[in-house]
Amino acid sequence: MVTVDRVVWIPADRAYAESLDAGDPLAKFRDCFVLPSDDASEPLIYLDGNSLGPLPRATVEQIAHVVGSQWGAGLVRSWNTWIDLPRQTGDLIGAHLIGAAPGQTLVCDSTTVNLFKLVSAALDAQPGRTVLVTDDDNFPTDRYVLQGITAQRGCELRLIRTDMDLGLSEDALLAALGPDVALVCLSHVAYRSGALAAMARITGLVHEAGALMLWDLCHSAGSVPVELDASGADMAVGCSYKYLNAGPGSPAFLYVRAELTDLLRQPVWGWFGQADQFAMGPVYDPVPGIERFATGTPQVIGTVAVAEGVRLLAEAGIERLRTKGVALTSYLIHLADHWLDPHGFRLASPRADARRGSHVTLYHPDAWRINQALIRAGVVGDYRTPDRLRLGPVPIVTRFTDVWDALDRLRQIAEHRSYEDQPAERTRVT
Ligand SMILES: Cc1ncc(COP(=O)(O)O)c(C=O)c1O
């Protein structure tokens with residue numbers, strides 16, 4: 001992981017943000033995306049790429065090619081081109097974003113389904129160990145999948161108490177470990193606060209207890225450097241519609257450490273995980289290697305979008321993205337401290353740069369109404385329960401002036417209490 005020196009940000013005038021944009025080595029990447037026009041009188045500021053990333057222009061062209069030429073003209077013959085895409089795209093993610101040597105990463109299914117497959121396989125591989133561990137603030141789908149698996153099998157789910165703003169306590173994790181634990185499943189970057197877990201150290205603690213470690217990378221892949229091989233992680237899952245910019249519902253990825261792959265057997269016995277798939281044999285016999293974690297026919301168009309998204313991130317470079325991510329989020333925190341604290345806001349993310357991913361969360365008792373007012377003012381972030389505003393300045397497209405303008409609009413909303421006309425009832429999740 002890169003270490004980024006803490007910069008002391010002093011000036012709060014917009015000219016300073018402009019000077020940061022002028023010196024930004026990643027500035028040119030903004031033009032690689034389809035974004036709402038900057039020409040409007042009050043241009044839209046998008047701080048929600050950590051929920052749904054923007055559309056790369058290259059993806060529009062590449063999908064048009066795949067649909068028009070490969071599907072349209074090539075028809076079923078194009079499967080020769082498509083069949084290896086999930087593994088090839090997995091290797092691309094492995095090489096550029098998650099520190100995984102080839103042959104350990106596969107693009108397939110959704111994060112939720114991949115969690116189910118890997119957690120089930122980990123339990124089956126360790127018959128004497130019947131406890132799964134996660135934290136009580138992990139993303140809902142992770143907790144629900146583990147709840148479902150333990151309910152089906154009569155196993156135990158052990159939940160670690162976690163501070164929702166500061167992230168996981170390693171002491172609490174240690175207290176939950178024991179000879180009965182099969183697997184620990186944690187998020188590398190917490191979805192609400194952005195708290196960044198110490199992957200290598202935590203993986204080491206879990207291994208000392210004899211358990212396997214599975215990381216959820218949804219909020220870290222593409223935003224912070226991830227070193228799965230070097231940290232000794234056993235398994236990982238992640239989505240591609242956030243920082244990988246592959247679009248709504250694009251397929252997820254999974255990682256299994258090479259030495260473990262052939263020892264594990266996942267529970268969805270589909271024909272794409274079968275050895276000699278087109279022999280159409282009578283019995284399921286999983287293919288050696290990472291492809292045994294495939295299930296059915298891959299989503300070709302979605303996988304093409306993942307590859308395009310990853311290519312752009314690779315060109316930008318994960319170290320440079322991280323450096324800019326730290327600079328953007330610490331700038332945002334600096335402005336929030338000065339402008340918003342007097343209006344009842346409080347930082348609900350770790351303050352230390354090394355402990356934070358690429359988004360920042362602010363607590364305010366009226367966060368729901370403020371977020372609605374902010375959307376009306378042309379700034380899209382999101383609301384997260386309880387009473388939190390989550391702002392994601394994704395490094396590949398966000399400018400320092402976007403952060404300045406967004407916080408300026410937020411300051412005005414707070415100062416004039418112009419959110420008070422918004423309904424207090426929460427109506428939908430953005
Ligand atoms: C940490 C984390 N895990 C999992 C998911 C979602 O999984 P899926 O892609 O299956 O909806 C999200 C979605 O926001 C997430 O933030």
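Side chains included, hydrogens not; waters and symmetry mates left out as well; all remaining heavy atoms used. Treat the numbers as computed from the prediction; the structure is a model and nothing was measured.
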Report the C-alpha separation of Asn114 and Cys108 in whole Å, then their side-chain angles, then the decisive distance to 0.1 Å, and conclude whether the side-chain contact (heavy atoms from CB on, under 4.5 Å) test is met. CA-CA 8 Å; Asn114 287 334; Cys108 56; 3.5 Å; yes

Would Leu217 and Phe253 satisfy side-chain contact (heavy atoms from CB on, under 4.5 Å), going step by step from the backbone distance to the final call? CA-CA 9 Å; Leu217 306 179; Phe253 64 88; 4.0 Å; yes

For salt bridge (charged side-chain N to carboxylate O under 4.0 Å, His left out), just list the numbers for Asp285 and Arg292, CA-CA rounded to whole Å, side-chain angles, deciding distance to a tenth of an Å, and then say yes or no. CA-CA 9 Å; Asp285 173 23; Arg292 63 174 42 208; over 6 Å; no

With distance as the sole criterion, is a donor-acceptor pair present between the side chains of [X] and [Y] under 3.5 Å?
X: Arg161; Y: Ser169; value: no
X: Trp82; Y: Thr303; value: no
X: Ser330; Y: Asp353; value: no
X: Thr162; Y: Asp137; value: no
X: Thr401; Y: Asp405; value: no
X: Ser349; Y: Asp165; value: no
X: Ser193; Y: Thr361; value: no

Sorted by first residue and then second, give each ring-ring contact (aromatic ring centres under 6.0 Å, His included) pair with at least one member in residues 284-303; sequence neighbours left out.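 For residues 284-303, and leaving out neighbouring residues, the ring-ring contact (aromatic ring centres under 6.0 Å, His included) pairs sorted by first residue read Trp269-Tyr284.
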
Check whether any side-chain heavy atom of [X] sits under 4.5 Å from a side-chain heavy atom of [Y], and report yes or no.
X: Tyr331; Y: Leu407; value: no
X: Ile149; Y: Leu123; value: yes
X: Leu186; Y: Trp215; value: yes
X: Leu26; Y: Ile396; value: no
X: Val226; Y: Met199; value: yes
X: Ile290; Y: Leu254; value: yes
X: Leu183; Y: Met213; value: no
X: Gln62; Y: Val304; value: yes

Which atom names give the shortest non-hydrogen contact between [X] and [Y], and what distance separates them?
X: Pro395; Y: Tyr243; result: CD-CE2, 4.5 Å
X: Asp234; Y: Leu260; result: CB-CD1, 3.6 Å
X: Leu264; Y: Ala121; result: CD2-O, 3.8 Å
X: Ser358; Y: Gly325; result: OG-CA, 3.7 Å
X: His343; Y: His364; result: O-NE2, 3.0 Å
X: Asp48; Y: Tyr46; result: O-OH, 3.3 Å

Evaluate salt bridge (charged side-chain N to carboxylate O under 4.0 Å, His left out) for Arg129 paired with Asp180, printing each intermediate quantity in order. CA-CA 5 Å; Arg129 292 175 175 258; Asp180 49 359; over 6 Å; no

So, [X] side chain and [Y] main chain: donor-acceptor pair closer than 3.5 Å or not?
X: Arg322; Y: Ile318; answer: no
X: Arg57; Y: Phe33; answer: yes
X: Gln266; Y: Gly273; answer: no
X: Ser231; Y: Glu227; answer: yes
X: Lys324; Y: Thr398; answer: yes
X: Arg369; Y: Pro423; answer: no
X: Asp163; Y: Leu166; answer: yes
X: Asp262; Y: Gly289; answer: yes
X: Ser240; Y: Pro251; answer: yes
X: Ser110; Y: Val113; answer: yes

For atom CZ of Arg201, is the number of surrounding heavy atoms from other residues, nucleotides or ligands below 6.0 Å larger than 12?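 Count not over threshold, so no.
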
Would you mind checking if [Y] and [X] are paired as a salt bridge, meaning a charged N to carboxylate O distance below 4.0 Å?
X: Glu420; Y: Arg417; result: yes
X: Asp421; Y: Arg376; result: yes
X: Asp135; Y: Arg158; result: no
X: Arg143; Y: Asp136; result: no

Asn138/Thr134 under side chain to side chain donor-acceptor pair (under 3.5 Å): CA gap, chis, key distance, verdict: CA-CA 7 Å; Asn138 203 350; Thr134 191; 2.9 Å; yes

Centroid-centroid distance, [X] to [Y], less than 6.0 Å:
X: Trp271; Y: Phe278; answer: yes
X: Trp404; Y: Trp339; answer: yes
X: His219; Y: His359; answer: yes

Axial cation check for Tyr363 ring with Arg346, 6.0 Å and 45° limits: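 Satisfied, under 6.0 Å and within 45°.
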
How far does OG of Ser223 sit from NE2 of His188, to the nearest 0.5 angstrom?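 That separation rounds to 8.5 Å.
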
Gap separating the CG atom of Asp341 from the CG atom of Leu347, nearest 0.5 angstrom: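 Interatomic distance, Asp341 CG to Leu347 CG, rounded to 0.5 Å: 8.5 Å.
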
Out of Ile202, Val133, Val131, which residue meets the side chain to side chain contact (heavy atoms under 4.5 Å, CB included) rule with Val184?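 In the set Ile202, Val133, Val131, the residue that makes a side chain to side chain contact (heavy atoms under 4.5 Å, CB included) with Val184 is Val133.
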
Given Glu315 and Phe29, is the side-chain contact (heavy atoms from CB on, under 4.5 Å) satisfied, shown in steps? CA-CA 9 Å; Glu315 199 187 325; Phe29 284 95; 3.9 Å; yes

Could you go step by step and tell me if Arg153 and Asp124 meet the salt bridge (charged side-chain N to carboxylate O under 4.0 Å, His left out) rule? CA-CA 11 Å; Arg153 294 170 177 243; Asp124 288 340; 2.8 Å; yes

Tell me the side chain to side chain donor-acceptor pair (under 3.5 Å) pairs involving residues 91-104, sequence neighbours left out?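 As it turns out, the side chain to side chain donor-acceptor pair (under 3.5 Å) pairs with a partner in residues 91-104, which skip direct neighbours, are Gln104-Asp229.
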
Quick one, Asp24 with Arg399, criterion salt bridge (charged side-chain N to carboxylate O under 4.0 Å, His left out). Give me CA distance, side-chain angles, the key distance, then yes/no. CA-CA 9 Å; Asp24 174 12; Arg399 298 166 297 198; over 6 Å; no

Take Arg390 and Ser51, measure what side-chain contact (heavy atoms from CB on, under 4.5 Å) needs, and give me the verdict at the end. CA-CA 10 Å; Arg390 192 177 70 165; Ser51 192; 4.0 Å; yes

